[in-house]
Participant: 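For reference, the structure I am asking about is given below.
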Amino acid sequence: MPTFRAPDGTPLACHLRGAGPPVLCLPGGPMRASAYLGDLGGLSAHRRLVLSDPRGTGSSAVPEDPGSYRCDRLVDDVEALRVHLGLDRVDLLAHCAGANLAVLYAARHPDRVGRLALITPSVLAVGIPVPGEVRRETARLRRHEPWFPAAYAALERVTAGTGTGADWQAIAPFLHGRWDDTARALDAADAEQKNTEAAAAHAGEGAFDPDATRAALAALSSPVLVLAGEVDLNSPPPALAAYAGLFPRAEFVVQSGAGHFPWLDDPTRFVATAARFLA
């Protein structure tokens, strides 16, 4: 397990899987340890995955300054890892909230980004709205599932702003192409793998400047993949189509039947798409 130090001295860690040219993988959560990414459905057979544990998660140390959990401040951690790996340019793969960090890094260090794969990304850093009706339309694609009535009722309360903690838990099946034992285990592990204090600070005041970020991404010359899951309630395809439109060289792919974790829903299809793009 490679370790290195962030510019503020915090010891950070990453985990290596597979062989070949490295691709730096930024987990979501936000602020969830990288363990849930596994080998990304077998992508490690094509590229060496460098799975980064954000500060305060997994094998990385808790920083002295909790303010350093803010997303824009984490950009320096990514740059420190690039330097540690001895790479002039780095290919990045980011999932969910990790995409916020990835695009902030690309905006600040465009000359250091080779290829950028954004997997069911959060759109927070670029300020794309996701209306409640878009989420409900996406949810209704699952109307034949046995768990749908209770989950959809909870979603109605969540989108109305009256959702409870139990309601948020009840809509978890909407994040998965299959609500099976594997999906339940991944969902249950979230509480152990996520640093809740860090997650609360991740999008703190000053973390994002969507207008500035969008302007920087409009000039990014790197190839970009934006991969959406067809039934992903968190990052629905209409929002991600708009996201892909922010980049000059973007490829937009919707993985059929997939939710927020497409490497679990159909590993073969996910790996074929990601490996081709990263080749």
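In what follows, residues are counted from 1 in the order of the sequence shown. The structure presented is a predicted model; accordingly, all values stated were derived computationally and were not measured.
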Participant: Thr159 and Arg135: side chain to side chain donor-acceptor pair (under 3.5 Å), yes or no, with the steps?
Facilitator: CA-CA 8 Å; Thr159 56; Arg135 297 195 196 276; over 6 Å; no
Participant: For the CD atom of Glu230 and the CG atom of Asp266, what is their distance to the nearest 0.5 Å?
Facilitator: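 Output value for this atom pair is 11.5 Å.
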Participant: If you look only at distance, which donor and acceptor atoms sit under 3.5 Å apart when one is on a side chain in residues 272-279 and the other is two or more places apart or in another chain?
Facilitator:
from: Thr273; atom 1: OG1; to: Arg269; atom 2: O; distance (Å): 3.2
from: Arg276; atom 1: NH1; to: Glu251; atom 2: OE1; distance (Å): 3.4
from: Arg276; atom 1: NH1; to: Glu251; atom 2: OE2; distance (Å): 3.4
from: Arg276; atom 1: NH2; to: Glu251; atom 2: OE2; distance (Å): 2.7

Participant: Report the distance from atom CD of Glu145 to atom CZ of Arg178, rounding to the nearest 0.5 Å.
Facilitator: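 Rounded to the nearest 0.5 Å, the CD-CZ separation comes to 11.0 Å.
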Participant: Once side chain to side chain contact (heavy atoms under 4.5 Å, CB included) is applied, do any residues pair with Cys25, and if so which ones, sequence neighbours excluded?
Facilitator: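 Cys25 satisfies side chain to side chain contact (heavy atoms under 4.5 Å, CB included) with Val23, Leu37, Leu40, Leu49, Leu51, Leu93 once adjacent residues are dropped.
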Participant: Only pairs under 3.5 Å count here: list side-chain donor-acceptor contacts from residues 218-225, not counting sequence neighbours, and write none if there are none.
Facilitator:
from: Ser222; atom 1: OG; to: Val113; atom 2: O; distance (Å): 2.8
from: Ser222; atom 1: OG; to: Gly114; atom 2: O; distance (Å): 3.4

Participant: Restricting to side chain to side chain contact (heavy atoms under 4.5 Å, CB included), what partner residues turn up for Pro7, sequence neighbours left out?
Facilitator: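 Only Asp76, Asp77, Ala80 meet the side chain to side chain contact (heavy atoms under 4.5 Å, CB included) criterion with Pro7.
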Participant: Rounded to the nearest 0.5 Å, how far apart are CZ of Arg143 and CZ of Phe148?
Facilitator: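 Separation between the atoms: 8.0 Å.
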Participant: Mind checking the OG1-CG spacing from Thr120 to Leu233? Nearest 0.5 Å is all I need.
Facilitator: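 Reported value, rounded in 0.5 Å steps: 12.0 Å.
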Participant: Can you name the residues that form a salt bridge (Lys or Arg N to Asp or Glu O under 4.0 Å) with Asp72, not counting sequence neighbours?
Facilitator: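 Counting only residues at least two positions away or on another chain, Asp72 forms a salt bridge (Lys or Arg N to Asp or Glu O under 4.0 Å) with Arg70.
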Participant: How long is the gap from CG on Leu12 to CG on Leu74, to the nearest 0.5 Å?
Facilitator: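 Reported value, rounded in 0.5 Å steps: 9.5 Å.
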Participant: Evaluate salt bridge (Lys or Arg N to Asp or Glu O under 4.0 Å) for Arg184 paired with Asp181, printing each intermediate quantity in order.
Facilitator: CA-CA 5 Å; Arg184 291 185 182 92; Asp181 288 344; 3.6 Å; yes
Participant: If the condition is salt bridge (Lys or Arg N to Asp or Glu O under 4.0 Å), which residues does Arg214 pass it with, not counting sequence neighbours?
Facilitator: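 With sequence neighbours excluded, Arg214 shows a salt bridge (Lys or Arg N to Asp or Glu O under 4.0 Å) to no residue whatsoever.
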Participant: In this structure, are over 12 heavy atoms from other groups packed under 6.0 Å from Trp147 atom CH2?
Facilitator: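 Counting neighbours around CH2 of Trp147, more than 12 heavy atoms of other residues, nucleotides or ligands fall under 6.0 Å, so yes.
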Participant: Regarding Tyr152 and Arg140, is there a side-chain donor-to-acceptor distance under 3.5 Å anywhere?
Facilitator: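 Yes, a side-chain donor-acceptor pair sits under 3.5 Å.
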Participant: Is it true that Arg55 and Glu64 have a side-chain N and a carboxylate O under 4.0 angstrom from each other?
Facilitator: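 Salt bridge flag = no for Glu64 with Arg55.
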Participant: Taking NZ, NE, NH1 and NH2 as the nitrogens, is one of them in Arg73 or Asp8 under 4.0 Å from a carboxylate oxygen of the other?
Facilitator: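 Asp8 and Arg73: not salt-bridged.
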Participant: Are there more than 12 heavy atoms of other residues, nucleotides or ligands under 6.0 Å from atom CD of Glu192?
Facilitator: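 Open.
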Participant: Any chance you could measure Trp263, atom CH2, to Thr268, atom OG1, to the nearest 0.5 Å?
Facilitator: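 If we round to the nearest 0.5 Å, Trp263:CH2 and Thr268:OG1 are 15.5 Å apart.
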